[in-house]
Asker: 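Sharing a structure here in C-alpha cells format.
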Amino acid sequence: MKIVEVRHPLIQHKLGLMRRAGVSTKDFRELATEVAALLTYEATKDLETAEETIEGWAGPLRVHRIKGKKITIVPILRAGLGMLPGVLDMIPSAKVSVVGVQRDEDTLQPVAYYEKLSGRMDQRIALIVDPMLATAGTLIAAVDMLKAAGCTRIKGLFLVAAPEGLARVEAAHPDIEIYTASIDQRLNEHGYILPGLGDAGDKIFGTKQLSPND
Ligand SMILES: O=P(O)(O)OC[C@H]1O[C@H](OP(=O)(O)OP(=O)(O)O)[C@H](O)[C@@H]1O
Ligand SMILES: O=c1cc[nH]c(=O)[nH]1
Ligand SMILES: [Mg+2]
C-alpha cells in the first residue's frame, strides 16, 4: 500500500501548532484547512494532464489541462468536514460525496449512518478526508462503501495516522493510497492516537469544553 508521510516544513509547523493543549477552535479549524490544502497538493501530484492549444495574450500556445478521472472529495462526518474547505480551495470544481461513519466510543467499532455519493463513482478518483486514522475501522467502512458503489481509485488524506490503523488498512484495502501529515507513535487503551491531536471532531466543532471559560 502506498503510504506517504508528508514531511514538508509548512505541514510540520502547522501540525505542531495544532498539537498544543488548549488550542482554540478557531485556530484548530484554520490550521486543519491549511494542512488539508497542502496534503491535497501532494496527493494530486500524479494526476494526468493533456496538452491543448489555447489563444493566449500573445497568440496561440500549448497549455496543460487535467484529464482522466474526475475527483470526488469524500469527507467522513463529522470531523472530515473540517478538512473539506482546504481541499475545495485546491480543487474548487470537485464533486463532494458525503459519508457518515461514527466510531462507537465503547466498542471502537465503526457505525455507518449516512451515504450520499456523487454519480458515476466508477469514473471518479475518491479523495477521502478525515483528520484521524486511529484503529482504521472508520476508514475501512468508508472504503467498503465506496468500492460497493464502483469506485476503483481511492486516496485518503489524514492529519494524523496510527501505525496500528495503517497495518489494518493495508490488510483490508492494499490498493488505496494514504497521505498523512504524521504517522504517530501508537494508540492508547481508548483507541486515541498518541501523541495525536485529542478528539479532532470536538476541536473542530467546539463541542468539548477546553477550560471552564471556553
Ligand atoms: O480509525 P478509527 O478508530 O475508526 O477512528 C477514527 C475516527 O474517529 C473520529 O471520528 P468520530 O467517530 O469521533 O466522529 P466525529 O467525527 O463526529 O468526531 C475520526 O474523525 C475518525 O473518523
Ligand atoms: O485520536 C483520535 C482517535 C479517534 N478520533 C479522534 O478524534 N482522535
Ligand atoms: Mg470524535
Asker: Can you list the steps and then say if Val23 with Met18 is a side chain to side chain contact (heavy atoms under 4.5 Å, CB included)?
Answerer: CA-CA 7 Å; Val23 61; Met18 297 182 85; 5.7 Å; no
Asker: Please step through side chain to side chain contact (heavy atoms under 4.5 Å, CB included) for the pair Val143 and Val169, ending with a clear verdict.
Answerer: CA-CA 10 Å; Val143 172; Val169 185; 6.0 Å; no
Asker: Could you measure the distance from the CG atom of Asp175 to the NZ atom of Lys2? Nearest 0.5 Å is fine.
Answerer: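 The NZ atom of Lys2 is 13.5 Å from CG of Asp175, to the nearest 0.5 Å.
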Asker: Here's a test for you: under side-chain contact (heavy atoms from CB on, under 4.5 Å), which of Thr152, Leu117, Ile176 qualifies with Leu146?
Answerer: Leu117
Asker: How far does CD1 of Ile73 sit from CG of Leu127, to the nearest 0.5 angstrom?
Answerer: 6.5 Å
Asker: Donor-acceptor pair, distance only, cut-off 3.5 Å: does the side chain of His190 make one with the backbone of Tyr192?
Answerer: no
Asker: Give me the atom names and distance for the closest heavy-atom approach of Arg124 to Ile71.
Answerer: NH1-O, 4.4 Å
Asker: Can you tell me how far the CG atom of Leu166 sits from the CE atom of Met1, to the nearest 0.5 Å?
Answerer: 5.5 Å
Asker: Mind listing the closest non-hydrogen atom pair of Gln12 and Val6 along with its distance?
Answerer: NE2-O, 3.1 Å
Asker: Do Val4 and Leu38 sit in the same hydrophobic cluster, where Ile, Leu, Val, Met, Phe, Trp and Tyr count as joined when their side-chain heavy atoms come under 4.5 Å apart?
Answerer: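 In one cluster with Val4: Leu38, yes.
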Asker: With rounding to the nearest 0.5 angstrom, report the CD1 to CD distance, Ile154 to Glu177.
Answerer: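 One gets 10.5 Å once the value is rounded to the nearest 0.5 Å.
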Asker: Closer than 3.5 angstrom, by distance alone: can the side chain of Thr180 be matched with the main-chain N or O of Phe158 as a donor-acceptor pair?
Answerer: yes
Asker: If we ignore hydrogens and angles and just use 3.5 Å, is the side chain of Lys203 paired with the main-chain N or O of Leu197 as donor and acceptor?
Answerer: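 Side chain of Lys203 to backbone of Leu197, a donor-acceptor pair under 3.5 Å: yes, one is there.
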Asker: Hey, is the main chain of Ile193 close enough, under 3.5 Å, to the side chain of Arg186 for a donor-acceptor pair?
Answerer: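 Judged by distance alone, no pair lies under 3.5 Å.
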Asker: Between Leu139 and Ile128, is the side chain to side chain contact (heavy atoms under 4.5 Å, CB included) condition met? List the steps.
Answerer: CA-CA 8 Å; Leu139 175 61; Ile128 295 176; 3.7 Å; yes
Asker: If only atom types and distance count, is the side chain of Arg103 paired as donor or acceptor with the main-chain N or O of Leu108 below 3.5 Å?
Answerer: no
Asker: Hey, which of Glu52, Glu48, Glu51 is the one that makes salt bridge (Lys or Arg N to Asp or Glu O under 4.0 Å) with Lys67?
Answerer: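 Among Glu52, Glu48, Glu51, the one that satisfies the salt bridge (Lys or Arg N to Asp or Glu O under 4.0 Å) with Lys67 is Glu48.
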Asker: Quick check against the 3.5 Å criterion: does Thr72 have a side-chain atom that pairs as donor or acceptor with the backbone of Lys95?
Answerer: yes
Asker: Do Ser182 and Leu159 make a side-chain contact, defined as non-hydrogen atoms from C-beta onward lying under 4.5 Å apart?
Answerer: no
Asker: Does Arg168 come within less than 4.0 Å of Glu164, counting only side-chain N to carboxylate O?
Answerer: no
Asker: With hydrophobic residues grouped by side-chain heavy-atom distances under 4.5 Å, do Leu15 and Ile183 end up in a single group?
Answerer: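 Different clusters: Leu15 never reaches Ile183 through Ile, Leu, Val, Met, Phe, Trp or Tyr contacts under 4.5 Å.
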Asker: Could you check His8 against Glu42 for side chain to side chain contact (heavy atoms under 4.5 Å, CB included), going step by step and ending with a plain yes or no?
Answerer: CA-CA 10 Å; His8 189 287; Glu42 188 67 28; over 6 Å; no
Asker: Other residues, nucleotides and ligands only: do more than 12 of their heavy atoms fall within 6.0 Å of CZ on Arg65?
Answerer: no
Asker: Drop me the distance from Tyr113's OH to Gln102's CD, to the nearest 0.5 angstrom.
Answerer: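 Separation between the atoms: 5.5 Å.
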Asker: One thing to verify: whether Asp27 and Lys14 come together as a salt bridge, which I'm taking to mean a side-chain N less than 4.0 angstrom from a carboxylate O.
Answerer: no
Asker: Could Asp46 and Arg153 be called an ion pair, given the rule that one side-chain N must be under 4.0 Å from one carboxylate O?
Answerer: yes
Asker: Rounded to the nearest 0.5 Å, what separation is found between the NE2 atom of His13 and the CD1 atom of Ile11?
Answerer: 12.5 Å
Asker: Which heavy atom of Met121 sits nearest to which heavy atom of Ser97, and what is that distance?
Answerer: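 In terms of heavy atoms, the two residues are closest at SD-OG, 3.9 Å.
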Asker: Heavy-atom count check: over 12 atoms from other residues, nucleotides or ligands less than 6.0 Å from Lys70 NZ?
Answerer: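 Open.
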Asker: Can you see which heavy atom on Pro195 is nearest to which on Asp184, and at what distance?
Answerer: CD-OD2, 3.5 Å
Asker: Hydrophobic cluster membership, with links at side-chain heavy-atom distances under 4.5 Å among I/L/V/M/F/W/Y: are Leu88 and Val99 in one?
Answerer: no
Asker: Are any non-hydrogen side-chain atoms of Met145 and Val101 less than 4.5 angstrom apart?
Answerer: yes
Asker: Nearest heavy-atom pair of Ala181 and Glu5: which atoms, and what distance?
Answerer: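 Reported closest heavy-atom pair: O-CG, 4.2 Å.
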Asker: Would Ile76 end up clustered with Phe205 when hydrophobic side chains under 4.5 Å apart are linked, directly or stepwise?
Answerer: no
Asker: Just wondering, more than 12 heavy atoms not from Lys69 lying within 6.0 Å of its NZ?
Answerer: yes
Asker: Specify the closest pair of heavy atoms between Gly196 and Val160, including all atoms of both residues, with the distance to one decimal.
Answerer: CA-CG1, 4.4 Å
Asker: Is it possible for you to say whether Leu39 and Val74 belong to one hydrophobic cluster, with membership spreading through side-chain heavy-atom contacts below 4.5 Å?
Answerer: no
